[in-house]
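One structure is given below, encoded as structure tokens.
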Amino acid sequence: MYEPLVGVEVHAQLTTDSKMFCSCKAEFGAEPNSNVCPVCLGLPGSLPVINRKAVEQVIRTGLALGCEVGTLCRFYRKNYFYPDLPKNYQISQYDEPLTFEGVMELTVEGRPVRIRIRRAHLEEDTGKNIHLPNGQSLVEYNRGGLPLMEVVTEPDFTSAAEVREYLLQLRRLLRYLGVSSANMEEGAMRAEPTVNLKNHATGQATPKVEIKNLASIKAVHDAVAYEIARQRRALEDDEPMQQETRRWNEALQATTVMRVKESAADYMYFPEPDLPPMQPAAEWVEAIRAGLPEVPMARQARFVSEYGLSEYDAGVLTESREVADYFEATVVACGDAKACGNWVMGDLMHKLNETNLSIAECPVSPERLGELIAVIREGTISHNIAQQVFPKMWATGQAPREIIAAEGLALISDSSEIERLVDEAIEANPKAVADYRGGKEKAIGAIQGHVMRATKGQANAQVVNALILEKLKQ
Ligand SMILES: [Zn+2]
């Protein structure tokens with residue numbers, strides 16, 4: 001029986017101000033070839049200098065993934081010729097990575113899955129070739145030399161669903177750590193799975209296939225699922241297979257051969273003679289560890305245990321650190337976690353999507369939302385009225401109590417006023433009264449509806465019900 005063995009390499013652009021080995025600005029959308037200098041263009045006589053912030057961000061990520069931090073890490077030259085690589089080598093790491101041997105624990109389809117992280121290391125990005133329809137090609141070097149973190153797993157995944165969950169969790173983690181936007185659609189995070197099948201009883205395996213050109217987590221999932229099925233079919237049909245790189249074709253929903261895979265030897269790695277080995281000081285590493293935020297999976301688990309939220313709701317609320325912070329501040333303000341969760345995931349997210357704002361730009365503070373929830377709990381307004389108050393808070397920045405007072409939205413709990421309306425409703429609905437007394441309990445709805453209409457929904461529904469029942473008993 002052949003089982004899939006899938007490993008994943010992720011490249012994430014780090015959020016530094018400058019490039020990996022020079023002081024060129026790391027920014028997007030700049031004039032082509034404007035952020036370049038002798039170092040990142042590989043001009044003779046230029047010397048690279050290591051970006052400390054990039055090293056710190058990789059150590060931060062490695063520690064969050066439970067990795068060891070190397071005490072002596074070296075940069076290597078990975079030699080190959082390509083127009084987007086002006087030095088004809090890329091500075092990368094080889095057998096002495098910055099961080100190594102971590103783990104990510106996942107839950108996939110209700111099952112625990114343990115993925116070993118082989119390494120998280122540092123390298124520089126390449127430039128970009130742009131091929132025009134007229135046959136000309138352009139090279140853009142702004143991206144060349146940007147710091148890139150590579151996170152490599154062991155081939156521990158056995159399904160496309162596991163790979164998808166890993167990428168979702170890694171993306172969330174990188175964003176929490178503030179080390180990368182991890183946006184695959186913008187190329188700030190790129191994932192390249194390797195797929196083969198192995199018969200664990202006989203030790204036989206199909207050749208490893210690497211898949212490229214994956215622009216979304218969904219594409220990675222679909223490509224891995226396709227490749228597992230393709231290799232199974234090839235095994236059954238006795239088709240020859242070889243170690244190769246394949247490209248995901250989104251339109252065909254299939255992988256196609258891109259090139260026969262180079263082995264590591266083809267790249268001729270050798271130590272970068274222009275850079276000294278890195279020796280991250282133990283005190284520095286410990287300071288980085290001490291500054292780590294609560295990681296998203298731990299926070300999600302805490303939201304379930306501390307606030308009694310469902311696993312799903314806790315996942316939505318911890319998808320971004322900012323949303324999780326907002327939610328917790330709202331809970332502090334009103335004490336009702338369940339209601340806060342519903343409001344944040346419901347009306348608040350809806351409004352953010354509608355207005356295309358991020359939670360940092362939300363005009364309603366967590367304290368104000370907490371106040372609104374408290375006002376509902378006190379019985380001053382109903383949930384329905386609160387849903388009308390919320391957009392007004394959004395638009396005016398006013399406190400909920402101000403809006404309720406100014407617009408006279410508070411519920412009528414004055415029982416003499418409600419009693420008068422109930423009497424009126426009973427008189428106006430003789431058939432409902434007769435039906436109710438004849439045993440049709442639902443008939444009472446017509447009487448309730450009458451009172452609520454008369455008060456435009458502002459009567460306290462509990463007071464109304466109690467009064468109607470009392471009156472009908474007489
Ligand atoms: Zn530069």
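The basis for the numbers below is simple: all heavy atoms, side chains too, and nothing from hydrogens, waters or symmetry mates. Given the structure is predicted, the values throughout are model-derived calculations rather than measurements. Note that ligands are numbered from 1 as they come in the structure, with each ligand's atoms numbered from 1 the same way.
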Does the distance from a Lys or Arg side-chain N to an Asp or Glu carboxylate O, for [X] and [Y], drop under 4.0 Å?
{"X": "Glu328", "Y": "Arg302", "result": "yes"}
{"X": "Asp274", "Y": "Arg77", "result": "yes"}
{"X": "Arg116", "Y": "Glu101", "result": "no"}

Would you say the rings of [Y] and [X] are close, in the sense that their centroids are separated by under 6.0 Å?
{"X": "Tyr89", "Y": "Tyr80", "result": "no"}
{"X": "Phe303", "Y": "Phe327", "result": "yes"}
{"X": "His350", "Y": "Trp343", "result": "no"}

- Query: What's the count of protein N, O or S atoms under 2.8 Å from the Zn ion (ligand 1)?
  - Reply: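 The number of such protein atoms is 4.
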